[in-house]
Amino acid sequence: MKIGVIAIQGNVAEHAHALKRALAERGDHGEIILIKHDGLVLDCDAIVLPGGESTTLARLIWKEGIATEIKDAVKSGVPVLGTCAGLVLLAKHGDEEIAQTKQRLLDIMDIEVKRNAFGRQYDSFETSIDISGIGDGFPAIFIRAPAITRCGDGVSALAWIDDYVVAAQQGSALALAFHPEMVHDTRVHQYFIDMI
Ligand code: GLN
């Protein structure tokens, strides 16, 4: 099993470690491929888009030809996990801020996202959330997190904070507004590996 982590910017090492821990816990062998350029995505059985800065990530994945490869991989059924900025990239529709910064999204999930949805006062926070299908009481860390403001047909909302959806799945694409790679709890990564 080869799991590719888009390694342009952001929480790359954290995802690689979390995936390795999750694989070890289940006694599975897997290889983590750090994807810094084109030509690697199509060799992977799953793809992770880490959090970071979505404007930078969007610009570079399109420039490097990685974006088109991710879209092709997902079309052929390869699971993709996007966390935080990675969630923004997976979306079809962005908010005004995303439009103004002319971010080109991947249009993989029929969701509308709002960047930095939790505002300054709650810039970063940790809270326990229940994630449908994954488990209750997950320690979710939000860092200048986006939120999903609308889910289209075929998208299942898996977790909420107030009116915001903070976890959603559409087919083989899983999007989370928080950072499961920063906690010891491996349930999210286990769920993602199960999708492969
Ligand atoms: N606010 C960031 C963005 O929209 C995402 C923050 C993160 O990934 N931790 O790019």
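- The pair Asp194-Arg26 meets the salt-bridge criterion, with a side-chain N (NZ, NE, NH1 or NH2) lying under 4.0 Å from an Asp/Glu carboxylate O.
- Interatomic distance, CD of Glu31 versus CG of Leu23, reported as 11.0 Å (0.5 Å rounding).
- Contact check for Leu81 versus Leu49: no side-chain heavy atoms found under the 4.5 Å cut-off.
- Between Ile47 and Ile6 the shortest side-chain heavy-atom distance falls below 4.5 Å.
- Between Leu105 and Val88 the shortest side-chain heavy-atom distance falls below 4.5 Å.
- Looking at Leu174 and Leu158, their side chains come closer than 4.5 Å, going by heavy atoms from C-beta outward.
- Of all heavy-atom pairs spanning Met195 and Ala173, the tightest one is CE-N, 4.3 Å.
- In this structure, the separation between CG on Leu19 and CD1 on Ile3 is 5.0 Å, given to the nearest 0.5 Å.
- With Asp136 contributing its side chain and Asp130 its backbone, the two residues share no donor-acceptor pair below 3.5 Å.
- For residues 147-158, the pairs satisfying side-chain hydrogen bond (donor to acceptor under 3.5 Å, both in side chains) are Asp110-Arg150, with sequence neighbours left out.
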> Ile8 and Ile66: side-chain contact (heavy atoms from CB on, under 4.5 Å), yes or no, with the steps?
Replying inline: CA-CA 10 Å; Ile8 298 233; Ile66 297 172; 3.8 Å; yes

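- Of the inter-residue distances, the one linking Leu89 atom CG with Ser54 atom OG reads 6.0 Å to the nearest 0.5 angstrom.
- When all heavy atoms are compared, the tightest approach of Arg144 to Ser124 is N-OG, 4.2 Å.
- Closest approach of Pro146 to Ala177, counting heavy atoms only: O-CB, 3.1 Å.
- Distance check: Leu57 CG to Gln103 CD gives 9.0 Å after rounding to the nearest 0.5 Å.
- At least one side-chain heavy atom of Asp107 sits less than 4.5 Å from a side-chain heavy atom of Lys71.
- Across all their heavy atoms, Ala18 and Glu181 have their closest contact at CB-CA, 4.1 Å.
- In summary, the side chains of Gln9 and Glu53 do not present any donor paired with an acceptor at a separation below 3.5 Å, with no hydrogens or angles considered.
- Listed for the Trp62 side chain is a donor-acceptor partner under 3.5 Å among the backbone atoms of Arg104.
- Hydrophobic clustering (ILVMFWY, side-chain heavy atoms < 4.5 Å, transitive): Val5 and Val78 are in distinct clusters.
- Counting only heavy atoms from C-beta outward, the side chains of Phe192 and Pro79 approach each other to under 4.5 Å.
- With rounding to the nearest 0.5 angstrom, the CE atom of Met109 is 9.5 Å from the OG atom of Ser172.
- Linking Ile, Leu, Val, Met, Phe, Trp and Tyr whenever their side-chain heavy atoms come within less than 4.5 Å leaves Val165 and Phe178 in two separate clusters.
- Taking every heavy atom of both residues into account, Ile32 and Ala16 meet most closely at CG2-CB, 3.9 Å.
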> Should Ile141 and Val183 be marked as a side-chain contact (heavy atoms from CB on, under 4.5 Å) after you check the CA-CA gap, both sets of side-chain angles, and the distance that decides it?
Replying inline: CA-CA 8 Å; Ile141 298 179; Val183 296; 3.7 Å; yes

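- No path of Ile, Leu, Val, Met, Phe, Trp and Tyr side chains, each step under 4.5 Å between heavy atoms, connects Val113 with Ile129, placing them in separate hydrophobic clusters.
- Note on Val155 and Leu176: separate hydrophobic clusters, where clusters join Ile, Leu, Val, Met, Phe, Trp and Tyr whose side-chain heavy atoms are under 4.5 Å apart, directly or indirectly.
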>> Show, in sequence, the C-alpha distance, side-chain angles and deciding distance for Asp38 and Glu64, and conclude whether the side-chain contact (heavy atoms from CB on, under 4.5 Å) test is met.
In response: CA-CA 6 Å; Asp38 63 343; Glu64 297 296 323; 5.7 Å; no

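- Rounded to the nearest 0.5 angstrom, Phe138 CZ and Asp185 CG are separated by 4.5 Å.
- The two residues Glu69 and Leu42 come nearest to each other via the heavy atoms O-CD2, 3.9 Å.
- Applying the side-chain hydrogen bond (donor to acceptor under 3.5 Å, both in side chains) test to residues at least two apart or on different chains, the pairs with a partner in residues 78-97 are His15-Thr83, Glu97-Arg115.
- You'll find the side chain of Ile161 reaches within 4.5 Å of the side chain of Phe142, heavy atoms only.
- Pairs passing the side-chain hydrogen bond (donor to acceptor under 3.5 Å, both in side chains) check and including a residue from residues 162-171, sequence neighbours excluded, read Gln169-Tyr191.
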>> Set out, in order, the CA-CA distance, both residues' side-chain angles and the distance that settles side-chain contact (heavy atoms from CB on, under 4.5 Å) for Ile148 and Val166, then state yes or no.
In response: CA-CA 6 Å; Ile148 300 170; Val166 293; over 6 Å; no

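- Side chain of Gln190 to main chain of Ala22: a donor-acceptor pair is present (N/O by atom type, distance under 3.5 Å, no hydrogens or angles).
- In this structure, the side chains of Pro139 and Thr127 stay at 4.5 Å or more apart for every pair of heavy atoms.
- Val188 and Leu90 are members of different hydrophobic clusters when ILVMFWY side chains are connected at heavy-atom separations under 4.5 Å.
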